[in-house]
Amino acid sequence: MITRFAPSPTGPLHLGHAYSAMLAHDMAKAAGGTFLLRIEDIDGSRARPAWEEQIYNDLRWLGLSWPEPVMRQSERLPVYREALQKLWDQGLLFPCDCSRRDVQEAASAPQEGAPAYGPDGLIYPGTCRSKPRPEVMPDVTLRLDMHNAARDISYVEGGATPEIHKTSSETLVSSIGDVVLARRDMGTSYHLSVVLDDAAQGITDVVRGADLAEATPIHVLLQQLLDLPTPRYHHHRLIRDDAGRRLAKRDDARAIHKYRKEGATPADIRQMVGLPAV
Ligand code: GLU
């Protein structure tokens, strides 16, 4: 078993991150497997080296260890580009120059009964899909042509009793739509990078928060389109604050470094998030 923790260095790690990382670490250890770390730093406007340092520091303090070197997404842009080219060559991508506002306006009158929002926000109304496509893949925002790309997909959601989760190609079209696979400013996207990196690292079990479960059908579809294996998924409960809200990066009150400063021990953190003592 190979598991991973894949934080974005855009803020402090909070209790929710600690839970996710420790769970993935515990699972790999219990199975005699390997826990890997990956830094998801494709968003150059928000990622900071100081946050990355703090992540290493907090995770080591929690008692986690991982093989070096750590994979960093910012060093893998050519790999992402190559995969985009593969999809482009199959006619599965189209350039899009819609602004957020354009999408909002065009999507403001959805068909009756059709969902307006997918895992990436408003479902794309298709404005640029039928425009002529250039021969050479341009360096702009690229969307997946879901009408052509969609197929029935399924994956195993692990746990005590594993379940098969299925999504039909019709649902991919109606509830997810033409997701962005390359943003103009970063040349890739979370969805594309996560899929390529999980495959490159040989991840067998993806352990992450339940908030990412609705993006998983996109990931499984991309694995199929790019001939990559589909790992097992374990979407875990989210750690919430006293008011029941899920924790966010800006929620500095729950930051691990704050608890450390106040004298908490790693065992205290495990207890706070409901993990058994080690
Ligand atoms: N980098 C993502 C985050 O920090 C996690 C990606 C994943 O686990 O698939 O939310």
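Because only heavy atoms are used, hydrogens play no part in the values below, and waters and symmetry mates are left out as well, while side chains stay in. Whatever order the structure lists them in is the order used to number ligands and atoms, beginning at 1.
- Checked against side chain to side chain donor-acceptor pair (under 3.5 Å), Asp58 has the following partners two or more places apart in sequence or in another chain: Gln54, Arg260.
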Ring pair (Phe, Tyr, Trp, His ring centres under 6.0 Å) between Tyr259 and His14, intermediate numbers included: CA-CA 9 Å; Tyr259 287 106; His14 57 56; over 10 Å; no

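- Listed by number with element, the atoms of ligand 1 under 4.0 Å from a non-hydrogen atom of Val194 are 9 (O).
- Between the side chains of His235 and Thr216, at least one donor N or O sits under 3.5 Å from an acceptor N or O.
- Counting the atoms of ligand 1 from 1 in the order shown, those under 4.0 Å from a heavy atom of Glu40 are 1 (N), 2 (C), 5 (C), 6 (C).
- For the pair Arg129 and Tyr124, the NZ or CZ position fails the cation-pi test of under 6.0 Å to the six-membered ring centre and within 45 degrees of the ring normal.
- In the vicinity of Arg4, heavy-atom distances shorter than 4.0 Å reach the ligand 1 atoms 7 (C), 8 (O), 9 (O).
- With a 4.0 Å heavy-atom cut-off, ligand 1 is reached by the side chain of Leu212 but not by its N, CA, C or O.
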Less than 3.5 Å apart, which donor and acceptor atoms pair up between the side chains of residues 28-36 and the rest of the protein, not counting sequence neighbours?
none

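- Residue Phe5 places no heavy atom under 4.0 Å from ligand 1.
- Between Ala6 and ligand 1, an N or O atom pair is found at a separation short of 3.5 Å.
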